Amino acid sequence: MKRLILLASLVGVGALSVAAFQQPPANAPKVVEVEKLRDNLWMLKGGGGNTAVFVRSDGITIVDTKNPGWGQPILDAVKKLSDKPVTQIINTHTHGDHVSGNVEMPVNVEIIVQDNTKKNMEEMRGATGIAQNGPPTNIFKEHNGRGMPTRTFGSTLKVNKGADEIDLFYFGRGHTNGDAWVVFPALRLVHAGDIFSGKNIPLLDANNGGSGVEIGSTLDKAAKSLKNIDTIITGHSTTMTMADLSEYAQFNKDFMTVVQTEKKAGKTADQIAAGWKLPAKYKGYGDPTSTDAGKTRLKANVQIVLDETK
Ligand SMILES: [Zn+2]
């Protein structure tokens with residue numbers, strides 16, 4: 001039964017990453033699904049965004065910490081993989097389904113994010129297009145600042161040494177204005193967070209600096225800049241390849257081009273959204289026109305591109 005619930009929720013977030021922001025009932029079982037990707041790196045699914053666990057020579061790095069209440073389930077899963085201490089957290093971006101478990105991590109842990117993500121985490125504004133139940137809460141203020149970043153970077157940062165090295169990159173705006181790419185060079189692997197949440201129409205969080213005009217070129221820059229990568233951990237879906245990333249960059253560029261072309265033809269946001277169809281070459285992508293939530297996101301993304309195209 002637990003398995004069924006987990007699979008159902010994964011399909012939900014995989015399709016659109018909308019469910020990731022909805023709080024399940026407090027008594028719902030917190031099932032962390034562990035997938036081994038390398039001898040010393042695992043992907044933990046469930047409870048929000050995909051988490052990476054990297055066992056270094058002298059400690060453990062965790063990338064993204066899921067929804068509120070999922071920090072301890074992550075730590076419980078990690079304990080079964082290694083008895084080393086968790087000493088380093090990296091958050092790919094500000095969203096609550098990627099940062100909230102920070103408050104349950106060891107007190108002296110180093111927490112690294114991109115500069116803009118730190119500013120966003122100080123506010124924890126609601127994401128564009130995600131319905132809020134009441135005013136947004138700031139989990140870090142509720143915990144007297146615990147879980148807030150201790151170290152930031154602008155465009156690049158190299159941390160740890162030798163086989164433990166992690167290279168952080170910021171390639172520009174997309175899902176937010178602080179999307180970090182977390183590269184494990186020795187493992188030929190990168191965690192992309194939600195700027196590549198899966199093969200779907202992206203959540204463009206304009207409230208936190210996201211951009212429908214820039215996301216395609218940002219993804220393209222990542223696809224061209226990142227070398228020697230075999231595996232991409234996505235924000236909410238299965239792992240992907242660099243070829244998938246290049247394709248996803250093109251998908252987002254194509255979307256922008258269609259919207260801007262239709263705008264020139266005098267169409268309104270509603271008309272553009274109503275007329276948009278998933279191009280045949282993107283077969284296998286979640287089709288936003290097949291669900292109400294998808295249609296809402298489609299319209300929101302059209303509007304965001306129009307707002308940015310003056
Ligand atoms: Zn996100």
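Excluded from the calculations below are hydrogen atoms, water molecules and symmetry mates; all remaining heavy atoms, backbone and side chain alike, are included. Bear in mind that the values here come from a model prediction, so they are computed numbers and not experimental data. Counting starts at 1 for both ligands and their atoms, following the listed order.
The name of the N, O or S atom in His93 nearest to the Zn ion (ligand 1) is NE2. Between the Zn ion (ligand 1) and the N, O or S atoms of His95, the shortest distance is to ND1. Within His175, the N/O/S atom positioned nearest the Zn ion (ligand 1) carries the name NE2.
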Subject >> Derivation of the side chain to side chain contact (heavy atoms under 4.5 Å, CB included) call for Phe169 and Val183 >> reply: CA-CA 8 Å; Phe169 297 94; Val183 176; 3.8 Å; yes

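In terms of modelled atom types and a separation under 3.5 Å, the side chain of Asp164 and the main chain of Ser57 share a donor-acceptor contact.
Between Tyr248 and Phe196, the angle of the ring planes stays under 30°, which puts this pair in the parallel group of the 30/60° scheme.
In summary, an N, O or S atom of Asp194 is located under 2.8 Å from the Zn ion (ligand 1).
Asp244 and Thr241 share a donor-acceptor pair across their side chains, judged by distance under 3.5 Å alone.
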